[in-house]
Amino acid sequence: MLSYTVQELYLFLNNPKKIEPNKKIKFKNLFIQFLIFDFCACVAYGLLNSILFQISDDYKQVFNNRNIVTNPFVSRWAIVILIAPILEELAYRLGLKINRRNVSISIGIQLIIFLTILGVISLPLHFKILLMVMASVTSYMILNEKMLLFFAQNKNTFVYYNIICFGLLHAFNFNYFLS
């Protein structure tokens, strides 16, 4: 199983265009798998934070200075478990199926995330989501067939761009969603 997964990763990194799903998965099953994975990732993250919190005074200081501590539990749960992963999927995975709607949604969300990380936008989450919708609609109106053809012809570069941006996004650890 692990060797198969590593082999699939290798094939994907060599040529992202060639990877296609072998079978159709029902939305319900896919959503359940997403929730289970997300829950497991959050538990693992919580355990790692607990261990680091116990063994490192520096980590305690960083953790105590973060915005997430001041937000109510339910608000934190909604952001970390639901909203952030959904926005990430829309921003970094949806656009990989290149069409006008998907790429415009991806670009619109990425733009607002980048502007937030850079400190250009400092608004509550609901306003950021509204800006994401507006940026996506604007992108949809601007994108034309020539631009989509460019994305399709340079799909490998577009895939690697999304992978790198997704990785850099996690360097900030969701903190930009909370401000």
Side-chain angles (χ1 to χ4, degrees), residues 9 12-21 24-35 37-38 41-42 45 66-68 70-72 74-179:
L9 176 63
F12 172 77
L13 291 175
N14 277 335
N15 194 356
K17 294 178 191 175
K18 296 292 182 190
I19 299 299
E20 296 177 11
K24 295 284 184 183
I25 299 175
K26 292 181 181 177
F27 177 77
K28 177 183 171 187
N29 294 341
L30 189 63
F31 187 71
I32 289 171
Q33 289 175 359
F34 168 74
L35 289 178
F37 173 79
D38 203 32
C42 288
Y45 177 72
R66 292 189 50 204
N67 291 336
I68 196 165
T70 61
N71 286 328
V74 174
S75 175
R76 283 185 285 158
W77 183 86
I79 292 169
V80 174
I81 304 286
L82 294 174
I83 296 171
I86 289 170
L87 287 175
E88 287 176 352
E89 292 297 318
L90 292 173
Y92 300 103
R93 188 175 284 182
L94 180 66
L96 298 178
K97 183 172 183 182
I98 296 176
N99 63 44
R100 190 174 178 192
R101 181 196 63 196
N102 293 352
V103 172
S104 63
I105 290 170
S106 180
I107 289 172
I109 293 173
Q110 286 183 32
L111 175 67
I112 302 307
I113 288 173
F114 293 145
L115 291 175
T116 302
I117 290 171
L118 295 173
V120 175
I121 296 175
S122 180
L123 298 169
L125 179 60
H126 59 281
F127 286 123
K128 290 177 190 172
I129 291 175
L130 180 63
L131 284 175
M132 289 174 185
V133 170
M134 292 168 46
S136 296
V137 169
T138 303
S139 297
Y140 185 84
M141 294 186 312
I142 292 171
L143 281 174
N144 59 35
E145 290 302 318
K146 188 174 182 180
M147 292 175 186
L148 291 174
L149 181 62
F150 175 80
F151 283 123
Q153 289 173 339
N154 297 289
K155 186 166 185 173
N156 286 1
T157 304
F158 191 55
V159 168
Y160 292 129
Y161 160 80
N162 277 288
I163 290 170
I164 291 168
C165 288
F166 183 77
L168 290 173
L169 169 78
H170 286 86
F172 298 96
N173 201 21
F174 301 113
N175 202 28
Y176 49 85
F177 283 116
L178 301 172
S179 56

Chemist: So, do M132 and L87 sit near enough that their side-chain heavy atoms are less than 4.5 Å apart?
Modeler: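 Yes. Closest side-chain heavy atoms under 4.5 Å.
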
Chemist: Looking at every non-hydrogen atom in both residues, tell me the closest pair between K128 and L123 and how far apart they are.
Modeler: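 Looks like CE-O, 2.8 Å.
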
Chemist: I'd like to check N102 versus F151 (side-chain heavy atoms, cut-off strictly below 4.5 Å). Are they in contact?
Modeler: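 Counting from C-beta outward, N102 and F151 never come under 4.5 Å.
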
Chemist: Can you name the closest pair of heavy atoms from N162 and A91 and give their distance?
Modeler: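 Distance-wise, the nearest heavy atoms are OD1-O, 3.7 Å.
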
Chemist: If you measure from CZ on R100 to CD1 on I98, what distance do you get to the nearest 0.5 Å?
Modeler: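 So the gap between those two atoms works out to 15.0 Å.
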
Chemist: Output, in order, the C-alpha distance, side-chain angles, deciding distance and verdict of side chain to side chain contact (heavy atoms under 4.5 Å, CB included) for I121 and F127.
Modeler: CA-CA 10 Å; I121 296 175; F127 286 123; over 6 Å; no

Chemist: Could you tell me the separation between the CE atom of M141 and the OG1 atom of T138, rounded to the nearest 0.5 Å?
Modeler: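 M141 atom CE to T138 atom OG1 measures 5.0 Å (nearest 0.5 Å).
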
Chemist: So which atom in G108 and which in S139 form the shortest heavy-atom distance, rounded to 0.1 Å?
Modeler: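 Here G108 and S139 meet closest at N-OG, 4.1 Å.
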
Chemist: Kindly say whether L96 contributes a backbone atom to a donor-acceptor pair with the side chain of K155 at under 3.5 angstrom?
Modeler: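 Answer holds: yes.
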
Chemist: Does the side chain of Y161 come within less than 4.5 Å of Q110's, by heavy atoms?
Modeler: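 The answer is yes, as the side chains (C-beta and beyond) meet within the 4.5 Å cut-off.
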
Chemist: To the closest 0.5 Å, what do you measure between CG (L131) and CG (L115)?
Modeler: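 With rounding to 0.5 Å, CG (L131) is 9.0 Å from CG (L115).
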
Chemist: Are the side chains of Q153 and L149 in touch, meaning some heavy atoms are under 4.5 Å apart?
Modeler: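 Of all side-chain heavy-atom pairs linking L149 with Q153, at least one is under 4.5 Å.
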
Chemist: Could you check I142 against M147 for side chain to side chain contact (heavy atoms under 4.5 Å, CB included), going step by step and ending with a plain yes or no?
Modeler: CA-CA 9 Å; I142 292 171; M147 292 175 186; 4.1 Å; yes

Chemist: Walk me through whether Y92 and S106 qualify under side chain to side chain contact (heavy atoms under 4.5 Å, CB included).
Modeler: CA-CA 6 Å; Y92 300 103; S106 180; 5.9 Å; no

Chemist: So, taking the atom named CD1 in I113 and the one named CD in E88, what distance separates them when rounded to the nearest 0.5 Å?
Modeler: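 Going from the CD1 atom of I113 to the CD atom of E88 covers 7.5 Å.
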
Chemist: State the CZ-CD1 distance between F114 and I107, to the nearest 0.5 angstrom.
Modeler: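 Nearest 0.5 Å value for the CZ-CD1 distance: 10.5 Å.
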
Chemist: Please walk me through it: do N99 and L148 pass side chain to side chain contact (heavy atoms under 4.5 Å, CB included)?
Modeler: CA-CA 7 Å; N99 63 44; L148 291 174; 5.7 Å; no

Chemist: Do R101's NZ or CZ and the ring of Y140 fall within the cation-pi criteria of under 6.0 Å and 45°?
Modeler: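 Here R101 fails the 6.0 Å and 45° test against Y140.
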
